[in-house]
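Okay, so here's the structure we're looking at.
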Amino acid sequence: MNRWKKIAELRWKALDELLSAANHNHRTPRTQDEDGALLVNHWQRGVPVFDEPVVTPTLLFFVALAAVGFTLALVRFFSPLGPFSGMNDAYAWGIWKTFNVMTLTALGSGPLAVGMAAWVFNRKKLHVVMRTALVSGFLFYATGLVALGFDVGRAWNFYNILLPWRWNLESAMFEISFCMPVYCAIFLFFENLPLVLERFYYTGTPERKAFLSMCAPVLRRIYPFMITGAYVLPLMHQSSLGGLLLLAGNKINPLWQTPCLPFLYLLAAGLCGLGFVTFLLLIASLRYSRPLDLGVLGELGNLLSVMCVIFLGVRFIDIIWRGQLHAAFAFDKMSLFFLSETTMILIPAIALRSKIVRETPRSLLRMTILACLGGLFFRFIPTTIAFMPARHARYFPAVPELLMTAGYIALGITAFGLAVKYFAILPGEIKDWNYMFRLVRQRREAAQPKGETQWPASLSTQ
């Protein structure tokens, strides 16, 4: 225990030194906490979106779409599956599982991909975008788990996961159904806790500040252990999603059915996670007129390129080893799907080796879209398109299935749009954070320094 405590202390000391070197900012004494330093993870500092109306036409559109999907989900919960799904005896898994769980969770792997790069491989620049990755990942997983609660036929039987004597320890499905809720409800929730407590802290009363200040040391002590769990669990269930498909045997086309599928699914998750966080930062910067840190974006683009190269390398080595290279270039239906997904990953793998492309926002945006689509195609195709359980069996999602899926996605978009306006999620510079903190305090005290402008340019969204 002493050894782990020492390691934790060294980690925090290193992070404090990183903060000092990067920002030239010392920690304020407890009696003069002018910038909220007692509670805030300064290496993950973000700034909320100010001067932007909370309710917008875009937000209302996604709220309406989410309401439609949620209403259908409620009706489905109290009715049979038949009227709501195109599933049949051959295709017992519809788009709710193959897309919502098997595919979209790859986009929610930003906390795993960016976190491992920042913490394990010491890519210090990426700490400033961790909050964006953490919030997006939490929303993907949370909405996915909500969807599962309505999608499964007998959701009320889920309580069995809490009864160890009923566990099937040889089941890949058990590992997934255990790891995903625990990862989201405990580890991802804990990683997102600082930005919530931070808001309560710098807008709270002195009594609330004192209470949160007492909580801060406890959170800091357990933080390293929670970080460990936050990487171990997604590594397990992301690979198990691929392992689950191994049970289908020769029902999946040989171009995708491989013993390497768990490893490839994990690599695809890292690829999609990096790509989506980059995409989200670029879109948020465009939508809210945020400043772009080309150094951080270039680092993300570089890592995305490396992940694309590694993924393609493992993919082709596996195909050659299994003697399926001729099938990959047969130019039949399955071959064209394979070549399409490969091309979408190959283009950013090559293009992002150029520093000019990585640091040109428009080019970087295009490459991240291609990489994410390629990764999503790889995760989706073997579950549905390349899955052939019977000779004449067919499956196409019903309209309610599609509307419910769109509703779940809209729910995540709505939640993120609200979160960035209420919490410090998007990256912010030191001066912006300090300025924002002063303004909050001054508003609470109904005082404004004479001659000081209301908002700095980097916080303006007009």
Side-chain angles (χ1 to χ4, degrees), residues 90-93 97-99 101-109 112-113 116 167-180 183 231-274 306-330 332-346 349 371 373-391 393:
Y91 287 89
W93 277 10
K97 306 296 186 298
T98 61
F99 187 73
V101 177
M102 304 290 282
T103 305
L104 282 184
T105 53
L107 294 183
S109 299
L112 172 64
M116 288 196 69
W167 291 355
N168 181 1
L169 299 180
E170 297 180 359
S171 169
M173 181 66 81
F174 164 76
E175 193 273 334
I176 294 168
S177 62
F178 180 84
C179 283
M180 287 183 66
Y183 170 60
Y231 298 148
V232 172
L233 263 69
L235 286 172
M236 292 169 61
H237 71 250
Q238 287 292 347
S239 59
S240 292
L241 287 172
L244 202 60
L245 295 180
L246 295 177
L247 302 176
N250 58 9
K251 294 179 181 179
I252 296 178
N253 187 278
L255 284 174
W256 287 270
Q257 184 59 285
T258 165
C260 292
L261 207 55
F263 185 46
L264 286 169
Y265 254 55
L266 182 59
L267 290 177
L271 185 157
C272 290
L274 286 169
V306 171
M307 283 300 302
C308 289
V309 170
I310 294 174
F311 175 84
L312 290 176
V314 174
R315 185 92 162 93
F316 273 92
I317 289 173
D318 170 69
I319 286 176
I320 294 171
W321 175 63
R322 291 187 296 112
Q324 295 295 327
L325 191 60
H326 67 284
F329 294 95
D332 56 7
K333 179 182 176 180
M334 290 296 112
S335 172
L336 291 177
F337 277 118
F338 168 81
L339 293 174
S340 296
E341 81 177 29
T342 301
T343 301
M344 284 188 284
I345 298 175
L346 180 61
L373 287 176
L376 293 178
F377 265 55
F378 172 78
R379 301 257 304 204
F380 180 72
I381 289 175
T383 66
T384 306
I385 298 174
F387 179 64
M388 296 167 284
R391 180 172 296 179

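These numbers come from the heavy atoms of this one structure, side chains and all, not from hydrogens, waters or symmetry mates. Keep in mind that this is a model prediction, so the values were computed, not measured.
In this structure, the separation between CD on Q238 and CE on M180 is 7.5 Å, given to the nearest 0.5 Å. To the nearest 0.5 angstrom, T258 atom OG1 is 8.0 Å from L246 atom CG. Remark: M307 CE to L312 CG distance equals 10.5 Å, nearest 0.5 Å. Rounded to the nearest 0.5 Å, atoms CG (L266) and NE2 (H237) are 9.5 Å apart. Here CG of L241 is found 9.0 Å from CE of M173. Values are rounded to the nearest 0.5 Å. Here S340 contributes atom OG and L373 contributes atom CG; the two are 11.5 Å apart, rounded to the nearest 0.5 Å.
Looking at S109, its side chain never comes within 3.5 Å of a backbone N or O of G270 through a donor-acceptor pair.
In this structure, C272 and A106 approach most closely via the heavy-atom pair CB-O, 3.6 Å. Nearest heavy atom pair, residue A327 against residue S335, reads O-CB, 3.5 Å. A pairwise comparison of heavy atoms in A371 and I345 identifies O-CG1, 4.5 Å as the closest pair. Minimum interatomic distance between L233 and C179 (heavy atoms only, all atoms of both residues): CD2-O, 3.7 Å. Closest approach of A349 to V309, counting heavy atoms only: CB-CG2, 4.0 Å. The minimum heavy-atom distance between T343 and L339, with the atom names listed, is OG1-O, 2.7 Å.
Of the residues listed (F263, F378, F316), the one engaging F311 in a ring pair (Phe, Tyr, Trp, His ring centres under 6.0 Å) is F378, and it is the only one. A side-chain contact (heavy atoms from CB on, under 4.5 Å) with F338 holds for exactly one of I319, D332, I381, N253; it is I319.
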Q | Pair Y265-M102, side-chain contact (heavy atoms from CB on, under 4.5 Å): steps then yes or no | A | CA-CA 9 Å; Y265 254 55; M102 304 290 282; 4.1 Å; yes
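Using a 4.5 Å heavy-atom threshold, the side chains of T105 and R379 count as touching. L376 has its side chain out of reach of F99: every pair of non-hydrogen atoms, C-beta onward, lies at least 4.5 Å apart. Taking 4.5 Å as the limit, some side-chain heavy atom of M334 sits within range of a side-chain heavy atom of I385. Inter-residue side-chain proximity for W93 and L244 is flagged as met; some heavy-atom pair is nearer than 4.5 Å. Side-chain atoms of L264 and W256, non-hydrogen and from C-beta on, never get closer than 4.5 Å to each other. In this structure, the side chains of S240 and F178 stay at 4.5 Å or more apart for every pair of heavy atoms.
Checking Q257 against R322 by side-chain atom types alone, no donor-acceptor pair falls below 3.5 Å.
Ring geometry for F387 versus Y91: interplanar angle over 60°, hence perpendicular rather than tilted (30 to 60°). Using bins of under 30°, 30° to 60° and over 60° for the plane-to-plane angle, the ring pair F174/W167 lands in the tilted bin.
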